[in-house]
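What follows is a single structure, written as structure tokens, with notes after it.
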Amino acid sequence: MKRIAILGGGIAGLAAAYELAQLSSKGISIRVELFEASPRLGGIVETIREGGFVIEGGPDGWVSEKPWARELAVELGLEEELIYSNDDQRKTYVLIDGALKAMPDGMRMMVPTDLAALDASELFSDEAKRAFHCEVGRAEELRKAVPEHDESVAEFVRRHFGDEVLTKIGAPLLSGVFGGDVTQLSVRAVMAPFVALEREHGSLIAGLQAREAKATKKTPIFTTLRSGLGALIDRMVAAIPQEWIHLNREANGLERDSQGWLVRTSSGVEHFDAVLLATPLHVARALLEPIDSRSAELMQMDASSAVVVGFGFDDAAKAPVPSGFGFLVPPDSNSLLLACTFMDQKFKDRVPAGGRLLRAFFGGRSAERVLGCGNDEIVAIARMELARILGPLPEPQISVVRRLPFSLPQYAVGHLERMAELDERIRGLGGLWLLGNGYRGVGLPDLIRDARAAVRASC
Ligand SMILES: Cc1cc2nc3c(=O)[nH]c(=O)nc-3n(C[C@H](O)[C@H](O)[C@H](O)COP(=O)(O)OP(=O)(O)OC[C@H]3O[C@@H](n4cnc5c(N)ncnc54)[C@H](O)[C@@H]3O)c2cc1C
């Protein structure tokens, strides 16, 4: 019987355990132990359901284009629970000089597909609008200028659209998802589809317009679950043999010997044939350091922290927000917030009838500043910051705070090359897989795809 250890019970570790449970039920002889340091499973994924509000403590959905989270949800019997973003009301605002300015319709990240909507927008100056229009005519020049090596998101966006577009939407969009600094983030790792468009079309605008003209059906941008993403966790946990799961069991040592792997946890040392290492990146790195220092070096990355504050109001009219999904705050703005999502407008069924649900985010340096504060203080700061932007807010019925230190690893320039070398070294060790958001993508679908693929390769 093959013995397999999973270290870490976030979405990555659980997806691996679920896949192993499927193999076990098909008669493959395996014994699995999942060690989770905390008292609960799910890691960053957590749904708080209270007073009719469905509040996500971490991710609130996934990008519909990537099929792997949906496939898992359907397999787990959650098809009826799938709901989609209200794309007919999709509008995102950017905080500029203290006021919310709407991004033009038809933007795909920082690339417009509708130049008429762009022209009517009050977000960009005439100069930035001219830069967008000119980008189409510069297609040949841009294609010839594609660098042979990786570059930063900042260099890439500046080459196409200039500084204003980078500062007003490039930087806040990317720091919201990757918690990163656009001058450091690798464009090939975090914006691969746009890099491919540039290679083919030169102009990103022309490339996207051509792709959208060919698209036959429009899928809503985001998918989530009616009762919250916690349902995905609960269903996976229910499908995993309970004797496999060990909560409050921190893995604090890993060793290789001629027989396989030794895992030391808070309750002793056990021997395994294979290890799926699904802890946060900095923990995985510390565990690997004594085994292969070069691997640990390749895993050295900055990771940014996040603090999420959810506010549930029973009367939406008393907490008015503009129509749309929420707003972004460019770095260097006069606000501690990184973003805010108007959850009841982004997805249905998040609130009791007539209610409002806002999720405010602190990221990067401001998250680090508030991480150490008490919940009441964080709630007060978030409310004050929101009120400065949205106007006075009433006392919320519910406030929820979640601290997520080092939760978003930053994929810096050269990330793909470093990961290729890391993969090779890890393969060389034999019987070890690295899972989670430090390597091949941060979104839930990527993590689920990777974890399931690793299990198939390990058995
Ligand atoms: C604020 C925020 C919003 C996000 N929004 C979205 C979104 O809307 N859509 C989307 O697709 N993605 C989103 N993401 C990204 C996504 O949520 C994460 O990348 C993903 O949840 C990470 O899962 P994981 O299993 O890799 O890590 P984690 O969830 O961090 O799980 C790791 C687990 O390992 C455990 N652990 C730690 N140390 C040890 C140890 N020594 N031994 C044993 N166990 C240990 C931890 O307790 C934890 O349970 C968001 C991320 C953040 C931070």
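We count ligands from 1, going down the list as the structure has it; atoms in each ligand are counted the same way. The chain is numbered in sequence order, starting from 1. The basis for the numbers below is simple: all heavy atoms, side chains too, and nothing from hydrogens, waters or symmetry mates.
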Looking at E212, I'd like to know if its CD atom is crowded, meaning that more than 12 non-hydrogen atoms belonging to other residues, nucleotides or ligands lie closer than 6.0 Å. yes
Using a strict cut-off of 4.0 Å, indicate which atoms of ligand 1 neighbour a heavy atom of G43. 29 (O), 31 (O), 48 (C), 49 (O)
Under 6.0 Å from the CD atom of Q89, do we count more than 12 heavy atoms belonging to anything else shown? yes
Going by the order shown, which atoms of ligand 1 are within less than 4.0 Å of some heavy atom of A12? 25 (O)
For atom 47 (O) of ligand 1, what is the closest protein heavy atom, and at what distance to 0.1 Å? E36 OE2, 2.6 Å
Of all the non-hydrogen atoms in the protein, which one sits nearest to atom 51 (C) of ligand 1, and at what distance? L408 CD2, 3.9 Å
Ligand-side contact atoms (ligand 1) for residue partner N437, heavy atom cut-off under 4.0 Å: 18 (C), 19 (O), 22 (C), 26 (O)
For atom 53 (C) of ligand 1, grab the closest protein heavy atom and report residue, atom and distance to one decimal in Å. S407 OG, 3.4 Å
Minimum side-chain heavy-atom gap V54-R226 below 4.5 Å: no
If the cut-off is 4.0 Å to any non-hydrogen atom of G436, which atoms of ligand 1 fall inside it? 26 (O)
Closest to atom 29 (O) of ligand 1 among protein heavy atoms sits I44 N, 2.8 Å
Check ion pair E297-R294 (N to O, under 4.0 angstrom): yes
Under-4.0 Å salt bridge between R31 and E270: no
Quick one about S267 and R249 (side-chain donor to acceptor, distance below 3.5 Å, no hydrogens or angles considered), yes or no? yes
Checking a contact table here: which protein heavy atom is nearest atom 15 (C) of ligand 1, and how many Å away? V442 O, 3.2 Å
Any idea which of P409, P280, G8 brings a heavy atom closest to atom 32 (C) of ligand 1? P280
Where is the nearest protein heavy atom to atom 5 (N) of ligand 1: which residue, which atom, and how far? P59 CA, 3.2 Å
Nearest protein heavy atom with distance in Å, relative to atom 31 (O) of ligand 1: G10 CA, 3.3 Å
Is atom 27 (O) of ligand 1 touching the protein, meaning some protein heavy atom lies under 4.0 Å away? no
Any idea which heavy atoms bring P394 and A319 closest together, and the distance? CD-CB, 4.0 Å
What protein heavy atom is closest to atom 44 (N) of ligand 1, reported as residue, atom name and distance in Å? A37 N, 3.1 Å
Salt-bridge present (D105, R90; N to O < 4.0 Å): no
Under a 3.5 Å distance rule, please check whether R418 uses its side chain to pair with a backbone N or O of A412 as donor and acceptor. yes
